[in-house]
Number of protein chains: 2
Amino acid sequence: MRDIANKLGVSSVTVSKALNDKEGVSEELKDKIKQLAADMGYRFNSVARSMKDGMSYNIGVVIPERFAGANQFYLHFYEHLSKVLDSHKYYGILQILGAQDEEQLVLPRIYHEKKVDGFIILGQISKEYIELLQQTDVPFLFLDFYTDDVDIDSIISDNFYGMYEMTNYLIKQGHRKIAFVGNIYSTSSIQDRFLGYYKSILEHHLKLKEDYVIPDRDRRGIFIDLQLPDEMPTAFVCNCDHIAYILTNKLKQMGYRVPEDCSVVGFDNDIYSAICDPQLTTVEVNVEEMSQAAVKSIIQKVRNPKYTIGRQMVKGTIIHRQSVSAIRQSV
Amino acid sequence: MRDIANKLGVSSVTVSKALNDKEGVSEELKDKIKQLAADMGYRFNSVARSMKDGMSYNIGVVIPERFAGANQFYLHFYEHLSKVLDSHKYYGILQILGAQDEEQLVLPRIYHEKKVDGFIILGQISKEYIELLQQTDVPFLFLDFYTDDVDIDSIISDNFYGMYEMTNYLIKQGHRKIAFVGNIYSTSSIQDRFLGYYKSILEHHLKLKEDYVIPDRDRRGIFIDLQLPDEMPTAFVCNCDHIAYILTNKLKQMGYRVPEDCSVVGFDNDIYSAICDPQLTTVEVNVEEMSQAAVKSIIQKVRNPKYTIGRQMVKGTIIHRQSVSAIRQSV
DNA sequence: CTGAAAGCGCTTACAG
DNA sequence: CTGAAAGCGCTTACAG
């Protein structure tokens with residue numbers, strides 16, 4: 001392409017400078033070159049640039065298989081990431097990490113082919129896989145989860161305070177018998193949400209009854225049947241909207257009215273909170289802001305491998321809907 | 001990297017051949033080279049290959065903004081595409097086409113930077129934008145929609161026969177008063193689904209009453225309030241699960257029982273058919289097969305620009321659930 | 001079976 | 001303000 005632009009009588013160096021608005025070319029020449037380039041339908045070849053400076057300007061977004069598919073939340077997240085990357089002149093390449101590849105510690109092809117400058121890992125992966133990633137020289141960060149290793153950058157929703165405030169809110173509404181729904185060994189998100197709940201319980205000198213912590217899924221993340229406690233709580237704090245939705249339907253089937261007999265709250269503000277009847281009071285994860293933070297950080301890390309952010313929290317917001325009712329205190 | 005491999009005493013040409021399992025290198029040497037490459041942590045540089053053969057091995061998947069976000073269906077589609085592309089050694093780059101860019105006929109950056117070898121357009125775009133695409137020399141095909149221009153390749157769900165068979169099924173169940181829900185001027189999918197419905201109506205010598213065709217959305221795809229006909233139908237054929245879900249709730253609110261008083265069927269087999277109470281009988285779009293077809297075709301087109309497939313249909317399947325009941329025929 | 005040469009399209013010093 | 005030279009890492013003829 002550039003040779004043809006040369007037929008304007010200048011060298012390719014000058015054309016390059018003009019098209020990139022660099023110094024060292026007169027304004028007239030620049031305009032002339034830009035004009036001709038447009039007329040000739042010239043398209044910049046990003047591959048050549050990548051060849052030169054060793055950057056692909058691609059970021060790999062890795063989602064473990066078990067979080068894709070069913071969980072539209074991460075796909076929705078990916079959509080945001082993709083837009084934000086675009087606005088930073090980068091591109092996202094989605095990589096679903098197969099269960100088998102994760103198990104057998106196989107790095108994705110985008111790694112082996114140097115297709116990407118860095119990774120955003122969206123959704124918790126195994127410890128072994130994390131170690132594998134650390135052995136590479138490719139920068140990466142975790143999005144929406146973290147591990148006990150402080151050295152790994154991660155951007156997470158403020159699960160702890162989100163659930164803490166949500167539980168506080170229920171207590172203010174007069175609730176005292178409050179159960180938590182979620183497998184607290186499953187992911188760091190769920191664990192933190194539980195701890196936020198627990199902090200609120202402790203602060204208000206309530207007891208944490210063992211059967212008030214109700215597991216919702218097995219180790220592979222598959223939902224299991226919920227075991228309700230003998231003494232019914234007046235409120236259920238669920239680790240996500242999906243299980244809150246399932247619980248609400250189960251309660252209704254059992255003859256309980258929501259929220260008159262039991263209040264139910266969720267987390268995520270995804271589609272399940274909207275389609276639930278009644279609609280769920282929930283905590284909205286700030287996907288937009290988290291995406292912005294993740295993209296900015298990974299680009300920084302690509303440019304400067306020593307750049308670190310540690311654990312970065314992004315606050316959520318309580319969305320008030322119809323699944324909570326205040327109760328009068330008896331006793 | 002390759003120079004270092006050279007320190008095994010051979011040329012880079014030989015290394016290239018060995019790593020690509022090409023002819024002209026002895027088996028021993030190949031093994032030795034592969035071994036050393038693995039030991040040294042050599043990673044192939046796909047950029048250099050792209051530079052050489054002018055292919056990026058990326059396919060742009062373009063989703064108009066109005067179909068993303070709310071409509072998880074296309075994101076789910078993208079996930080499949082991404083996997084299938086991966087299995088063909090290609091990569092997908094998601095491009096949300098902004099409403100403004102579409103309006104002002106701005107081609108995406110992945111075009112201007114030669115980031116992709118071809119486009120899969122996922123979701124109907126404006127006529128003007130299609131003409132713009134035709135003026136480029138980049139191969140593209142339409143997925144899940146088509147236009148009146150026969151020359152443009154497209155892969156679509158067999159909307160027509162899907163809805164035709166669904167309507168036949170309702171008639172077999174004894175229904176005679178059957179309404180269609182959908183804006184028939186909105187997209188080709190909806191139009192075809194309507195026509196499949198209409199074919200069934202015609203074949204059974206039923207009348208198409210004007211108020212039995214109920215618009216569900218405005219020109220921008222925003223759902224509008226449904227205007228039910230004066231004489232209630234016994235069955236509603238909806239152009240998608242989402243509106244079927246909305247309709248079902250509206251009917252229940254008005255005091256009708258579904259399916260006892262009215263049957264409701266949808267299309268897509270997406271989340272709305274699962275969460276609807278009762279769950280919806282619907283037509284499942286074969287996303288997997290459509291993704292396979294789209295990826296194979298676009299790769300063929302990239303390799304040979306003259307390759308065309310025309311309009312390729314992929315059959316759907318009726319999923320039977322609880323939203324239809326048979327009725328006895330009176331009169 | 002092995003390798004020297006050339007080239008893909010750009011950019012980065014550097015020299016004029 | 002402008003350009004000649006070199007190089008990014010690979011592959012494709014072609015010659016030995």
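Numbers restart at 1 for each chain; the letters A, B, ... are given by sequence-line order, proteins then strands. Model, not experiment: these values are computed from the prediction.
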Task: Value in whole Å for how far the P atom of D:dC10 lies from CG of B:N20 - done: 10 Å
Open item on the list: Students often mix this up, so state it plainly: with edges at 30° and 60°, are the rings of A:Y78 and B:Y78 parallel, tilted or perpendicular?
Closed with: parallel
Task: Per-nucleotide pairing state of DNA chain D [Watson-Crick or G-U, under 3.5 Å; [ ] pseudoknot-crossing; | other strand] - done: |||.||||||||.|||
- [ ] Give the rounded distance in Å between these two atoms: CD of A:E23 and P of D:dT2.
- [x] 13 Å
- [ ] Using a cut-off of strictly less than 4.0 Å, decide whether A:S50 has a side-chain nitrogen or oxygen near OP1 or OP2 of D:dC8.
- [x] no
Side-chain donor-acceptor pairs of residues 123-132 of chain B under 3.5 Å, sequence neighbours excluded:
unit_1 : atom_1 : unit_2 : atom_2 : d
B:Q124 : OE1    : B:S188 : N      : 3.1
B:S126 : OG     : B:Y129 : N      : 3.2
B:Y129 : OH     : B:V106 : O      : 2.8

Task: Exercise: do A:D144 and A:Y74 side chains pair donor with acceptor under 3.5 Å - done: yes
TODO: Take atom NZ of B:K114 and atom P of C:dC8, then tell me their distance rounded to the nearest Å.
DONE: 12 Å
Open item on the list: If I take atom CD1 in residue A:I33 and atom P in nucleotide C:dC10, what distance separates them, rounded to the nearest angstrom?
Closed with: 13 Å
- [ ] Check side-chain hydrogen bond (donor to acceptor under 3.5 Å, both in side chains) between B:Q312 and all other residues, then give those that pass, not counting sequence neighbours.
- [x] none
Task: Nucleotide D:dC8, atom P - distance to CG of A:D117 in whole Å - done: 18 Å
Open item on the list: Can you confirm if the NZ or CZ of A:R49 lies within 45° of the ring axis of A:F44 and under 6.0 Å from the centre of its six-membered ring?
Closed with: no
Task: Side chain of A:V25 (C-beta onward), nearest among C:dT11, D:dT11, D:dT2 - done: D:dT2
- [ ] Please state how far atom CE in B:M51 lies from atom P in C:dC8, giving the value in whole angstrom units.
- [x] 8 Å
Task: A:T14 side chain near D:dT2 phosphate (N/O to OP1/OP2, under 4.0 Å) - done: no
Open item on the list: Determine whether B:D117 and B:S56 satisfy the following criterion, side-chain hydrogen bond (donor to acceptor under 3.5 Å, both in side chains), listing intermediate values before the conclusion.
Closed with: CA-CA 6 Å; B:D117 302 333; B:S56 66; 2.9 Å; yes
Task: Those residues that, when tested against A:R220, pass salt bridge (charged side-chain N to carboxylate O under 4.0 Å, His left out) (two or more places apart) - done: A:D218
Under 3.5 Å, N/O pairs linking protein and nucleotides 12-16 of chain D:
unit_1 : atom_1 : unit_2 : atom_2 : d
D:dT12 : OP2    : B:K22  : NZ     : 3.2

Task: Between C1' of C:dT2 and NZ of B:K30, the distance in whole Å - done: 13 Å
Task: B:R311 to B:F142, cation-pi by 6.0 Å centre distance and 45° axis angle - done: no
- [ ] Return no unless some side-chain N or O of A:Y42 is found under 4.0 Å from OP1 or OP2 of C:dG9.
- [x] no
Task: Residues which pass ring-ring contact (aromatic ring centres under 6.0 Å, His included) with A:F77, listed by chain and number, not counting sequence neighbours - done: A:F73
TODO: Name the closest nucleotide to the A:S26 side chain, picking from C:dG9, C:dG3, D:dC1.
DONE: D:dC1
- [ ] Starting at atom CG of B:L29, determine the distance to atom P of C:dT2, rounded to an integer number of angstrom.
- [x] 5 Å
TODO: Taking only the side-chain heavy atoms of A:S11 (C-beta and beyond), determine which of D:dT11, D:dG9, D:dG3 contains the nearest atom.
DONE: D:dG3
